[in-house]
There are 2 protein chains.
Amino acid sequence: MTVLETQGFLPHIAFDSVIFGFSKGKLKILLMEYHDTGWLALPGGFVGKNEDLDEAAKRGLKERTGLDNIYLEQFYTFGNLSRFKPEVMQTIIAANGFNLNPDHWMLDRFISVSYFALIDFEKVILTPDELSDSIAWYEIENLPDLILDHSAIVAKALQTLRENLERKLIGGNLLPERFTMNELQQVYEAIFGQKLRRTTFQRKMLGLDILERHEKLYTGKSHKAPYLYSFRKV
Amino acid sequence: MTVLETQGFLPHIAFDSVIFGFSKGKLKILLMEYHDTGWLALPGGFVGKNEDLDEAAKRGLKERTGLDNIYLEQFYTFGNLSRFKPEVMQTIIAANGFNLNPDHWMLDRFISVSYFALIDFEKVILTPDELSDSIAWYEIENLPDLILDHSAIVAKALQTLRENLERKLIGGNLLPERFTMNELQQVYEAIFGQKLRRTTFQRKMLGLDILERHEKLYTGKSHKAPYLYSFRKV
DNA sequence: GTTCTATTGTTACATATTGAGACAATAATA
DNA sequence: TATTATTGTCTCAATATGTAACAATAGAAC
């Protein structure tokens, strides 16, 4: 049974997720490409009638990335009338070979409760949903056009991430368990979109007393080997 | 036609507003008391089928306080299953003399998109809604029990307000157009829940270059008269 | 082995910000 | 005119941050 045929979801309510990853010095997000149309959109889904809103977002994340236990934060709910464009959804569904009644629940107006997630790029196993050809990483600095208001959703997610980073440090969720100080700095630079001073960054991070220092990392490069760090467990 | 009889709202979607005011050195919010039950709740409402989500929240604010052009910010959407308690709404509606079918849309599961507002205490004209006996101010430090998860909604609103205050200054929205430095400091103290140092506060506020200094305020008290300030227009 | 290169961890010092108190100014009262 | 309460400003100490210098070191070149 496809999502189109089920009756098990709350009407008018969707969720969308801005899933951040970090690789090769770049901050990236996951986008899905719908069949034929070539349209790009954030991964999202619907809320089961017997499901917590947060659970729905976690389920969606698990389905697309295979990941559990992820940093996931709700940041805004988009509910403008202007995001109601039934012809967009109709086209996407038609490209998948379905022809829905105009009063089908999926063609109705939706508000989108939006979440952002921070994940370890290396750990994902990407799986498109039933309406999509692909799911893939796109650099945040160079995003293509997205359907509906999804570009605005990404912008707000990035703004929220920046504000959060200044208050409560969550940058580490984008890295593997152990990382070098330089890698951590690159994450911060990618999120803030600007270079940071190496010595100040190192002093501040160490001063926060949230990092644990481990063995050195010998990469084979001809210079001093950096220490590996992990975030201290609470 | 009462809200109960209309079909013009989106099902499953409500909004609730934490409306902050400041008076006599205390931070307060507006609560409504339902007929007979004595139950207290945040002012809220539903979203019209042809209405932006934000517009709905503004409309609700206008209906209860008479105020337009208000600082209003969406901060979270509550969507746990545990907030679905049809018997609560049923009881409230029954106390108003109605007897709804169990499948009436108002008895269904709702998610609540929550907003907080900052208003000038002096300017409100309070108006209860059709299910309530009263709407009134309650001190944030000494709140009674609220229905459903409304206490959690208030807690999250206060947390968001505190975080915002550190980043972008919005404390002035709780004061009249012109105010003394001491009044502004009291607002900040009420929001943060702690005393601040007078001289440091004054220096920081003046240094931010967002205040305009006006004439002095002669209160009749036997001491130096403070200047009045207003927030600089952008 | 010795020298060289790139990068790292740490220190030193200047500059900026904040904490804490002192002090002069002043509006009304006694 | 002296007194009281509060305000606006200044001073100095304590912290935090910006900036550069420097020693340590892993591997490559010789």
Side-chain angles (χ1 to χ4, degrees), chain A residues 22 24-25 162-163 165-169 171-172 175-232, chain B residues 22 24-25 162-163 165-169 171-172 175-232:
Chain A
F22 182 78
K24 302 207 174 68
R162 284 176 180 159
E163 289 166 0
L165 207 51
E166 288 169 356
R167 282 205 319 277
K168 46 177 185 180
L169 298 141
L175 291 170
E177 172 71 16
R178 297 197 176 186
F179 47 84
T180 66
M181 191 62 77
N182 191 7
E183 288 171 328
L184 186 60
Q185 184 176 341
Q186 283 186 56
V187 168
Y188 275 69
E189 289 176 341
I191 292 175
F192 286 125
Q194 59 180 337
K195 290 281 171 196
L196 301 174
R197 184 163 289 269
R198 183 181 65 93
T199 51
T200 308
F201 183 80
Q202 174 134 292
R203 176 173 50 192
K204 182 172 244 170
M205 281 297 151
L206 293 179
L208 287 171
D209 211 45
I210 52 173
L211 295 180
E212 202 147 351
R213 179 177 283 182
H214 304 285
E215 76 281 5
K216 290 187 170 188
L217 172 69
Y218 297 91
T219 59
K221 298 276 181 62
S222 65
H223 53 72
K224 190 172 179 180
Y227 288 107
L228 284 170
Y229 296 89
S230 67
F231 279 87
R232 193 188 296 282
Chain B
F22 181 78
K24 302 206 173 68
R162 284 175 180 160
E163 289 167 359
L165 208 50
E166 289 169 356
R167 282 204 320 278
K168 46 177 186 181
L169 298 143
L175 290 170
E177 173 70 15
R178 296 195 176 189
F179 48 84
T180 65
M181 190 62 76
N182 192 4
E183 287 170 330
L184 186 60
Q185 184 176 342
Q186 283 186 55
V187 168
Y188 275 70
E189 289 176 342
I191 292 175
F192 286 124
Q194 57 180 342
K195 290 283 173 195
L196 302 173
R197 183 162 290 268
R198 183 180 66 91
T199 52
T200 307
F201 183 80
Q202 175 135 291
R203 176 172 53 189
K204 183 173 245 170
M205 281 297 150
L206 293 178
L208 286 171
D209 210 44
I210 52 172
L211 295 180
E212 202 149 349
R213 179 177 281 182
H214 304 285
E215 76 282 4
K216 290 187 170 189
L217 172 70
Y218 297 92
T219 59
K221 299 278 180 60
S222 65
H223 53 71
K224 191 173 179 178
Y227 288 106
L228 284 171
Y229 296 89
S230 67
F231 279 87
R232 192 187 299 281

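Naming: A, B, ... by sequence-line order, numbering from 1 per chain.
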Touch class at under 4.0 angstrom, heavy-atom based, for A/Gly207 against every strand present: nothing

Atom-pair distance (CG on A/Leu184; P on C/dG9), nearest Å: 12 Å

Nearest-nucleotide 5' precedence on DNA chain D, A/Thr200 against A/Lys216: A/Thr200

Separation of atom CG in A/Leu208 from atom C1' in D/dA16, rounded to whole Å: 12 Å

Whole angstrom value for the distance that separates C1' of C/dT8 from CZ of A/Phe201: 14 Å

Separation of atom NZ in B/Lys221 from atom C1' in C/dA27, rounded to whole Å: 12 Å

Proximity to the side chain of A/Lys224 - top-ranked nucleotide from D/dA24, D/dG27, C/dA27: D/dA24

Greater than 12 external heavy atoms within 6.0 Å of B/Lys204's NZ: no

Length of the CE-C1' vector between B/Met181 and D/dG8, whole Å: 10 Å

C/dT7 OP1/OP2 closer than 4.0 Å to side-chain N/O of A/Asn182: no

Rounded distance in Å - CG (B/Leu206) to P (C/dT18): 14 Å

Closest to the B/Thr199 side chain, choosing from D/dT19, C/dG21, C/dG9: C/dG21

Value in whole Å for how far the P atom of D/dT6 lies from CD of B/Gln185: 13 Å

N/O (side chain, B/Arg198) to phosphate O (OP1/OP2, C/dG21) under 4.0 Å: no

B/Arg197 vs C/dA20: side-chain N/O to OP1/OP2 distance below 4.0 Å: yes

Option passing side chain to side chain contact (heavy atoms under 4.5 Å, CB included) with B/Glu163 (candidates A/Lys168, A/Glu163, A/Arg167): A/Arg167

Pair A/Phe179 and A/Phe231, ring centroids less than 6.0 Å apart: yes

Whether B/Tyr229 and B/Tyr227 hold their rings parallel, tilted or perpendicular, with breakpoints at 30° and 60°: perpendicular

Member of A/Arg178, A/Glu212, A/Arg213, A/His214 meeting the side-chain hydrogen bond (donor to acceptor under 3.5 Å, both in side chains) criterion with A/Ser230: A/His214

5' precedence on DNA chain C between B/His223 and A/Arg213 (nearest-nucleotide basis): A/Arg213

Presence of donor-acceptor pair under 3.5 Å, side chain of A/Arg203 and base of D/dG18: yes

Spacing between A/Lys204 atom NZ and D/dT19 atom P, to the nearest angstrom: 13 Å

